[in-house]
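Please read these numbers as outputs of a predicted model, since none were measured by experiment. In what follows, every chain begins at residue 1, and chains take the letters A, B, ... in the order their sequences are listed. Hydrogens, waters and symmetry mates are skipped; everything else that's a heavy atom, side chains included, is used.
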Number of protein chains: 2
Amino acid sequence: MNEMNVSLTPTEKKILQAATEVFLEKGRRGARMAEIARRAGINKALLHYYFRSKDRLYLMVFRLKIRQFFDEIFASLPQTDDIQEFTRQLISLYIEKLYRHNQVTQFILWELAQGGEELRHLFREALHGNQTPRVQYLVEKFRTAMERGEIARCDVVHLILTLVGASLYPFIAREVVETIYPDVQVLTPEFVEQRKQEVFRIVWNGLKPRT
Amino acid sequence: MNEMNVSLTPTEKKILQAATEVFLEKGRRGARMAEIARRAGINKALLHYYFRSKDRLYLMVFRLKIRQFFDEIFASLPQTDDIQEFTRQLISLYIEKLYRHNQVTQFILWELAQGGEELRHLFREALHGNQTPRVQYLVEKFRTAMERGEIARCDVVHLILTLVGASLYPFIAREVVETIYPDVQVLTPEFVEQRKQEVFRIVWNGLKPRT
DNA sequence: GTCTATAATAAGATAGAC
DNA sequence: GTCTATCTTATTATAGAC
């Protein structure tokens, strides 16, 4: 689950591993090259030999993780034509990925806190690049269902904001949530399953055709 | 809207103002004392004269803002006994505060990214201190309504996670959201009103008694 | 490729004059 | 209270030997 891309030398892998850890814990600015070197079992000079600067190293780590995350999601989009089932599986997939790629949610948090510039960059790239068909597939799916009257006409943007916000929040605010509700353990299969069901229930309530 | 507490000297106010700006932009570690001093129109020595260290200054700024935020919310909790109306007003109040105290959401983001230690501290303080009655007022309100059958029995924790997540997300991911949906402007009265309605609609769907 | 040593500078904190 | 000058340490980055 933690492998970096193959076709990297063992040293590069060690560095990326260590860098990931430190950037996650301390953030882009708070991270220290010396600590990354220490955890990778090498020295600072070698970091610069391989990645030239702290900034380049950060971008390498960050983009690798985020791309991997979204690639996995788009690679396994549900195929069913039943829009209710599609929605259920989509939410389940998204929350499952948030759960399994916990590092990614942490990176997203850091990025958002800094203004999200790198995230915007990646999104623009994805939207203008070869990800476009996959993104459009999603939008088309809902648009078609809406035209067919299989789901209610509604503001799709707000619905997506609700879906993403409700899914993401427990993972990014994990420590706080677990403090306020001591019997909640976010990173457990049980909680994740409950969350999938709850988000689907609430989103589908907002989608299903008015009767 | 931006005033710091009164009973502060003009210099202290200037410092807190400047510190707030810089900590918001750069985060706790990324912020530079020299820049805070420059924006406050003074020099570094004076910062330490008033606040002893960067850490103390940060905590002062952070706690001031967050306390003010939650105090305002708890001070104006809706009073109605109609649970539907109560829920509507509660969501409206929360989103309105997120909108008006945009700096607070930014601080919350930074804090969460760092693991939320300071936030946890404040919550524990609030839960064990004189805020307890107000917090319990909220919980009791929903519990009572549930016992009376005015709302469906459901997992209140998940409902609150949905409420908070759906409300908070557009504000913390503003830059990204506005990149993906170029016609959305989060910090406008129009969007804020739409969001209030949407979150209420979706939450109430999850609350209203099964028929 | 990997290391040691060191440069160059950035940053928090303080001393001491006024 | 406020300033200038300075200390001390941390930190990124590089030079140069092996």
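Candidate nucleotides C/dG1, D/dT12, D/dT2 were compared by shortest atom distance to the side chain of A/Y49, and C/dG1 ranks first. The B/M33 side chain lies nearest to C/dG12 when the options are C/dT2, D/dA13, C/dG12. Closest approach to the A/A45 side chain among C/dT4, C/dG12, C/dA15 is made by C/dT4 (side chain taken as heavy atoms from C-beta onward). The side chain of B/N43 lies closest to D/dT4, out of C/dA13, D/dA13, D/dT4. Residue A/R52 places its side chain closer to D/dT14 than to any other of D/dT14, D/dG1, C/dG12. Checked against D/dA13, D/dT2, C/dC3, the side chain of A/I42 finds its nearest nucleotide in C/dC3.
Among the heavy atoms of the strands lying under 4.0 Å from A/Y50 are primed sugar atoms or P, OP1, OP2 only; no base atom is included. Counting non-hydrogen atoms under 4.0 angstrom, B/T9 reaches nothing in the nucleic acid. As judged by a 4.0 angstrom heavy-atom cut-off over every strand, B/L47 is placed among residues making no nucleic acid contact. When heavy atoms are screened at a 4.0 angstrom cut-off, B/S53 is found touching the sugar-phosphate backbone but no base atom. When heavy atoms are screened at a 4.0 angstrom cut-off, A/A37 is found touching no nucleic acid atom at all.
Counting to the nearest Å, the C1' atom of C/dG1 and the CD1 atom of A/I15 are 11 Å from each other. Protein atom OH of B/Y58 is 16 Å distant from nucleotide atom P of C/dA13, rounded to whole Å. Across the protein-nucleic acid pair, A/K54 atom NZ and C/dT9 atom P stand 18 Å apart, rounded to whole Å. Summarising the geometry, the separation between CG on A/D55 and P on D/dA13 is reported as 8 Å, rounded to the nearest angstrom. Between A/L8 atom CG and C/dG1 atom C1' the separation is 16 Å, expressed in whole Å. The distance from atom NE2 of A/H48 to atom P of C/dC3 is 15 Å, rounded to the nearest whole Å. In this structure, the CZ atom of B/R29 is 14 Å from the P atom of D/dA10, given to the nearest Å. The nearest whole Å value for the distance from the CZ atom in A/R32 to the P atom in D/dT11 is 4 Å.
Here A/R100 does not pair with A/E72 in a salt bridge; the nearest charged N to carboxylate O distance is not below 4.0 Å. With salt bridges taken as basic N to acidic carboxylate O contacts below 4.0 Å, one links B/R67 and B/E125. In summary, B/E118 and B/R63 engage in a salt bridge, as defined by a charged side-chain N under 4.0 Å from a carboxylate O.
Of the options A/R88, A/Q89, A/K141, a side chain to side chain contact (heavy atoms under 4.5 Å, CB included) to A/P78 is made by A/Q89 and by none of the others. Of the residues listed (B/E198, B/Q197, B/R195, B/R201), the one engaging A/H158 in a side chain to side chain donor-acceptor pair (under 3.5 Å) is B/R195, and it is the only one.
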